[in-house]
Number of protein chains: 2
Amino acid sequence: MARLAGRSTGTAPRSIDVARLAGVSQKTVSRVMNGEQYVSDHVRRRVLDAAAELGYRRNHAARALASGRARSIGVVTLGTALYGPASLLMGVERAVRDAGYALHVVNTMEGDAAGIAGAVDSLLDQGVDGIVISEPIDEEGDADLSRRVDVPVLVLGAPPQFAASRVVTAGIVSDQLARAATEHLLELGHTTVHHLAGPPRWYAARDRLEGWRATLAAYGRREPPVIPGDWSAASGYAAGRRLASDDSVTAVFAANDDMAIGLIRALLEAGRRVPEDVSVVGLDDIPVAAYVTPPLTTVRQPFDATAQDGLKHLVHAIEHPDANPIPVNDPPVELVVRASTAPPPHRTTPNHRRTSA
Amino acid sequence: MARLAGRSTGTAPRSIDVARLAGVSQKTVSRVMNGEQYVSDHVRRRVLDAAAELGYRRNHAARALASGRARSIGVVTLGTALYGPASLLMGVERAVRDAGYALHVVNTMEGDAAGIAGAVDSLLDQGVDGIVISEPIDEEGDADLSRRVDVPVLVLGAPPQFAASRVVTAGIVSDQLARAATEHLLELGHTTVHHLAGPPRWYAARDRLEGWRATLAAYGRREPPVIPGDWSAASGYAAGRRLASDDSVTAVFAANDDMAIGLIRALLEAGRRVPEDVSVVGLDDIPVAAYVTPPLTTVRQPFDATAQDGLKHLVHAIEHPDANPIPVNDPPVELVVRASTAPPPHRTTPNHRRTSA
DNA sequence: ATGAAAGCGCTAACAC
DNA sequence: GTGTTAGCGCTTTCAT
């Protein structure tokens, strides 16, 4: 409504005002503002000076309308401050800006009726040129996503089968993450590894579960029952209380650090030592992971690299609608070994520190 | 570029296409899409059906251009996944959407040359109707912010003196947060409270420092030297190592939970018990706070309420440019008492558990 | 309660 | 290199 005055009136300067002041045509101003060639340095300077003097700022809406491109990308995130999603969002923002686009953000709350489809819809209403879906969860309506979306979509954190028509890429490394964690525990000498999983509706949780399962299979180990969790430390704690009485549990891979911390707390309260009796590895490397007791062994995810790489592909798909998608390469995963993991207790005479459950 | 076909062509349906199909004028379609009155239910239905059949979706750019309002709000955040800023962002997103606006996000990295001013500028280029600055830090160029910004600005986390011309509100409660923490410790019987502060460039850090200082003064207690930190658990740990040898330290208020956890870790490693020897209170109530050892006493900030309330004011300022700002009321602060705080050790015979530093 | 005409401020062709 | 002419798809008046 109220805009900065070109001079003293209540209305914003337009390119034609700049043109008049610089003594050129409006189109020339447009050329200069867009950094096009075929403008003499001399004219360019005059235009820039005039623009600065007037406090000119080009009108985004008019640009978008005339060009048919909004130069913006929308991202759908979960409405949580969870470390993983939040970190990914920050990475996406940076990558989007580096690519010269603006970023629109829409949250989906878990249990939101509209869900991801609704979020995508509102982004489409805003006229974004591309969409990033970060850490998606299962929703009704996923299937018809591809039918309704006419812009490229980047899905971060979903397995390839989510991909549809213009859904171009999915750059995530969750199965590697789980493998790194599980292998670490196995190499330490544990006969098997329990898994404290995330909510099954999350692709990230399922990926981790599958990675754990595959690793166990590759080592020829028996697969213990999956322990359900919901990412929260509270769910890790609840799991820990149940597990504490089971002496056969010597190693647990928790699908994120919060659950790992809750788990450890319950174990400790029950008199089980970590890592002497039970080893625990988390996933994320949240800021406090190195400072809890005991410092947490965990797997770090390259959020920035994932976001950047994925966005490169999305922008490519936006700007070259007919080109084939370029392959995505998984960024490296990093195992951070700290003090919550160790070899299993008395390997030769298992199971008699206390009467087994 | 490529848009969903109205039918089978490569171009999106426009309101006039809907109008033709419904047998009404284009203006009537506009009325229906905007939920205006003075449209008979009968016509409304026909238009809605036609729009649905065509897959019509109104063009945001054209709307913004014609109306002069983009119906979007921009938010400037720090490029971190820190719990506080991330939570605030989520709250802002929800509030923005509830108000019927779209959300543009721009990060400022700490040490970013352009800084907040640059971020605000890019938001202005995008034509936002209002701006939210979340958890600002000191920057060069703050002063001229008001001179350059022609839309209302909501500053979350800054003291009133940041306010300038169209900077309408600042809804934050940091000094209350600090008071709640400090008072709790004092009421427990500690003669004074040390403060592990955040980086002084952050308004939030300074607010907490001032709140702590004021509370100490109100109780007539001596103010120990401020312990510098940078929000990170690592800085808390470093502080803890230095403090561990000083028996006069019996209570510490850390400006956030991460630092509190690092601090506790260092204290524990040095053989100081928490809370028996030293009480620690954090701030934020991060998800793992209840599950670290010992469970952390902390102060919870009402991010959602703060964001909602602030946004209400911002939207008001956007939609009623000439109205006076309505006063902001601070949302309630919540002290969460857990196991990291207790009365000081042997109150009657102070300072001889170990030789003082 | 509905319609016609006139832009919003820019980019896109195409001239010169 | 630079200018001219048309729109982009809506919202606004203002009629009716």
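Letters go in sequence order (proteins before strands), and every chain restarts at 1.
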Qualifying residue for side-chain contact (heavy atoms from CB on, under 4.5 Å) with Ile131(A), from Leu124(A), Val106(A), Ile73(A):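 When side-chain contact (heavy atoms from CB on, under 4.5 Å) is applied between Ile131(A) and each of Leu124(A), Val106(A), Ile73(A), only Leu124(A) qualifies.
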
Proximity to DNA chain C (any heavy atom under 4.0 Å), residues of residues 18-25 of chain B only: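 Val24(B), Ser25(B), in order of number.
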
Heavy-atom donor-acceptor pair, Arg58(A) side chain to Arg63(A) backbone, under 3.5 Å: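 Not a single qualifying donor-acceptor pair exists.
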
Rounded at 0.5 Å granularity, tell me how far [atom1] in [X] sits from [atom2] in [Y].
X         : Y         : atom1 : atom2 : answer
Leu54(A)  : Arg20(A)  : CG    : CZ    : 10.5 Å
Gln308(B) : Thr306(B) : CD    : OG1   : 9.5 Å
Ile116(B) : Thr77(B)  : CD1   : OG1   : 10.0 Å

Lys312(A) side chain near Asp309(A) side chain, heavy-atom distance below 4.5 Å: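 In short, these two side chains touch, coming nearer than 4.5 Å.
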
Partner residues of Arg45(B) under the salt bridge (charged side-chain N to carboxylate O under 4.0 Å, His left out) criterion, sequence neighbours left out: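 Testing Arg45(B) for salt bridge (charged side-chain N to carboxylate O under 4.0 Å, His left out), a comparison that skips the adjacent residues, returns Asp49(B).
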
Nucleic acid footprint by protein, nucleotides 10-16 of chain C - heavy-atom cut-off 4.0 Å, B for base, S for sugar-phosphate alone: BBBB---

Distance test, side-chain N/O of Thr28(B) to OP1/OP2 of dA1(C), below 4.0 Å: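 Looking at the OP1 and OP2 atoms of dA1(C), neither is under 4.0 Å from any side-chain N or O of Thr28(B).
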
Atom pair distance, as rounded to whole Å: CZ in Arg69(A) and P in dG9(D):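 Spelled out: CZ on Arg69(A) to P on dG9(D) is 16 Å.
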
Nucleotide nearest Leu65(B) when distance is taken to its side chain, options dC8(D), dC8(C), dT2(D):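 In terms of side-chain proximity for Leu65(B), the closest of dC8(D), dC8(C), dT2(D) is dC8(C).
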
Pair Asp125(B) + Arg57(A), salt bridge at N-O below 4.0 Å: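 Answer for the salt bridge query: yes.
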
